[in-house]
Amino acid sequence: MSTVEFQDFGWRHAGRKAWAVRHVDLRIEHGERVLLLGASGAGKSTLLAALAGLLAEDSGEQEGRVLIDGRPAREMRGDIGIVFQDPQTQLVMSRAGDDVAFGLENRGVPPAEIWPRVDAALAAVGFPYGRDRDTSALSGGEQQRLAIAGVLALRPGLLLLDEPTANLDPDGAQLVRTALAKALQDVDATLVLVEHRVDEALPLVDRTVVVGDESDAVWVPGASLPDRRATAPAGDALLTTERLALPHDVLDTTVHAGQALVVEGPNGAGKSTLAQLLGGLTRPKSGRVVASRTLAGPDAAEPPHRWRAAKLAGRIGSVFQNPEHQFVTDTVRGELALGGASQSTVDELLTRLRLDRLAPANPYTLSGGEQRRLSVATALASAPALLILDEPTFGQDLRTWRELVDLLADLRDEGRGLVLVTHDPQLVEAIGDRRLVLRK
């Protein structure tokens with residue numbers, strides 16, 4: 001099982017005028033390893049969802065057919081392994097080992113084989129804990145490793161991977177790519193991989209398919225990247241941490257206006273925890289986050305987590321690691337207008353972040369890269385003095401990556417403070433004025 005064929009395939013999400021993809025004709029032979037490239041929003045994730053049989057008939061309109069070994073993809077769902085952009089969507093059990101075992105049990109694997117396959121899959125992706133680890137306590141990158149382990153344990157004939165290493169630190173990403181390469185050697189499987197960065201994906205594939213015709217959006221080796229590091233000195237202090245407790249460290253640091261502070265470190269080091277603490281979204285377990293009068297005015301005596309929601313949003317804008325966790329309306333335009341932003345501000349953000357054609361769309365029907373740009377736009381809508389962004393370049397093609405970097409650098413040059421949590425070395429090089437490295 002695993003010969004794939006799209007026959008004049010098209011899909012339009014319910015409520016959308018534009019087709020996500022249309023007139024796709026593609027055949028992938030059994031055992032081929034194919035890389036899907038294309039601009040953010042070109043329909044790559046839609047094609048994977050169609051192959052996995054996950055496009056429900058009542059959630060949109062379909063043209064043409066998607067076949068696996070001559071049968072409709074919806075009939076073959078039990079024989080396909082897929083890893084989504086957001087690992088949380090496929091973790092179903094509270095313990096890590098049980099989550100990997102879940103799929104094996106559902107497919108009737110003999111009990112004596114289950115736990116050796118679980119342990120082998122966890123080891124292959126470098127999962128740093130034992131079977132009993134609580135899945136709710138995992139970082140985003142650790143959740144991604146666990147999701148990949150769950151799929152590898154199944155040994156599917158068709159393996160679908162949607163940016164499987166995007167949330168991983170560089171060492172973890174290389175470990176997973178090595179594990180995938182070995183898994184593909186050991187099984188007679190077809191691979192369809194979605195990645196933006198060609199140089200990282202090429203060792204895993206033997207064929208490339210470009211969706212759409214926007215070649216300037218593809219990350220090719222040696223692509224020129226902007227240098228937007230600050231040329232002026234940093235401004236006033238905005239936030240200061242005093243003996244702030246993180247999972248593996250205690251932190252004393254200062255966030256300044258007119259400076260981009262990049263936060264790096266391995267998965268599980270506490271980067272997203274720090275982002276939530278600086279953003280006033282969680283209360284410190286130990287230590288303090290102190291706001292300056294430049295940021296908080298008369299409320300500087302109170303820590304950010306005690307500010308009223310309207311004041312917090314007007315001073316500190318936060319972008320979560322999983323963008324869909326912050327969407328609350330049913331249109332893209334509605335998300336931007338929610339905090340009271342003017343019509344002109346909403347229109348400007350929609351245009352600047354290439355979301356104008358998606359203004360009436362439901363945020364949950366956007367691609368991962370489009371959702372990320374929308375989450376950045378919602379944080380900017382209230383014009384806060386400080387922006388905390390967790391993996392802001394996730395899911396971006398080369399063109400939108402450059403545009404996002406320029407937008408953030410312009411905001412920094414206007415005097416805003418930036419805290420960028422990232423695994424993206426190109427982002428660090430392009431805009432990082434100061435580096436903070438957390439360690440496990």
Side-chain angles (χ1 to χ4, degrees), residues 10-22 38-49 55-56 58-61 84-86 88-89 162-163 166 194 196 211-212 214 217 309-310 313-314 317-384 387-397 399-408 410-411:
W11 178 263
R12 178 165 58 187
H13 293 286
R16 296 275 287 271
K17 292 183 178 179
W19 292 78
V21 289
R22 203 174 193 188
S40 174
K44 304 180 298 297
S45 296
T46 299
L47 293 180
L48 288 195
L55 296 179
D58 60 354
S59 65
E61 178 184 352
F84 303 112
Q85 285 178 331
D86 179 6
Q88 286 189 350
T89 61
D162 198 349
E163 299 197 59
V194 168
H196 281 294
V211 181
E214 299 172 8
S318 291
V319 174
F320 304 152
Q321 188 176 57
N322 297 313
E324 64 273 15
H325 290 179
Q326 62 195 93
F327 299 150
V328 295
T329 73
D330 58 1
T331 68
V332 168
R333 182 177 291 278
E335 286 295 323
L336 297 182
L338 185 64
S342 68
Q343 186 69 36
S344 61
T345 297
V346 170
D347 290 340
E348 180 184 356
L349 288 170
L350 287 171
T351 301
R352 187 78 188 265
L353 289 166
R354 291 184 180 269
L355 296 169
D356 44 338
R357 66 181 179 83
L358 298 169
N362 188 306
Y364 292 97
T365 67
L366 305 186
S367 73
E370 290 166 342
Q371 287 184 338
R372 170 53 73 212
R373 297 201 301 281
L374 176 57
S375 67
V376 172
T378 58
L380 297 178
S382 58
L387 284 166
I388 315 289
L389 303 105
D390 198 343
E391 299 289 359
T393 55
F394 169 83
Q396 301 308 307
D397 60 54
R399 182 183 59 198
T400 57
W401 184 94
R402 285 172 170 152
E403 292 168 347
L404 195 53
V405 166
D406 282 336
L407 172 61
L408 294 174
D410 289 346
L411 293 170

So, do [X] and [Y] sit near enough that their side-chain heavy atoms are less than 4.5 Å apart?
X: Leu349; Y: Leu380; answer: yes
X: Glu348; Y: Gln343; answer: no
X: Leu336; Y: Leu350; answer: yes
X: Leu366; Y: Leu374; answer: yes
X: Asp162; Y: Phe84; answer: no
X: Glu61; Y: Trp19; answer: yes

Checklist line | Arg354 and Thr400: side chain donor to acceptor below 3.5 Å | finding: no

Notebook entry, point to check: Between the side chains of Thr331 and Thr329, is a donor N or O closer than 3.5 angstrom to an acceptor N or O?
Noted result: no

Spacing of [atom1] belonging to [X] relative to [atom2] belonging to [Y], to within rounding of 0.5 Å:
X: Gln321; Y: Phe394; atom1: CD; atom2: CZ; answer: 9.0 Å
X: Asp356; Y: Thr351; atom1: CG; atom2: OG1; answer: 4.5 Å
X: Asp390; Y: Ser318; atom1: CG; atom2: OG; answer: 9.5 Å

Quick one: does any side-chain atom of [X] pair with a main-chain N or O of [Y] as donor and acceptor, under 3.5 Å?
X: Arg12; Y: Lys17; answer: yes
X: Tyr364; Y: Phe327; answer: yes
X: Lys44; Y: Val211; answer: no

Margin query: Name the residue from Asp410, Asp347, Leu404, Val376 that meets the side-chain contact (heavy atoms from CB on, under 4.5 Å) definition with Arg352.
Written below: Asp410

Next item on the list: Quick one: do Leu47 and Trp11 satisfy side-chain contact (heavy atoms from CB on, under 4.5 Å)? Show the steps, please.
Entry: CA-CA 9 Å; Leu47 293 180; Trp11 178 263; over 6 Å; no

Compare every heavy atom of [Y] with every heavy atom of [X], then report the nearest pair and how far apart it is.
X: Ser59; Y: Ala56; result: OG-O, 2.7 Å
X: Ala20; Y: Thr46; result: CB-OG1, 3.9 Å
X: Ser382; Y: Ala313; result: OG-O, 2.8 Å
X: Gly43; Y: Val21; result: CA-CG1, 3.4 Å

Notebook entry, point to check: With respect to Thr365, which candidate in Arg16, Gln371, His13 satisfies the side-chain hydrogen bond (donor to acceptor under 3.5 Å, both in side chains) definition?
Noted result: Arg16

Item checked: Passing option when Ser40 is tested against Arg399, Arg373, Gln396, Arg372 for side-chain hydrogen bond (donor to acceptor under 3.5 Å, both in side chains) -> Arg373

Check: Is the CD atom of Glu403 crowded by more than 12 outside heavy atoms at less than 6.0 Å?
Finding: yes

Note to self: Could you check whether Glu370 pairs with Arg357 (Lys NZ or Arg NE/NH1/NH2 to Asp/Glu carboxylate O, under 4.0 Å)?
What the structure shows: yes

Notebook entry, point to check: Going through the distances and angles, do Thr378 and Glu335 end up as a side-chain hydrogen bond (donor to acceptor under 3.5 Å, both in side chains)?
Noted result: CA-CA 6 Å; Thr378 58; Glu335 286 295 323; 5.6 Å; no

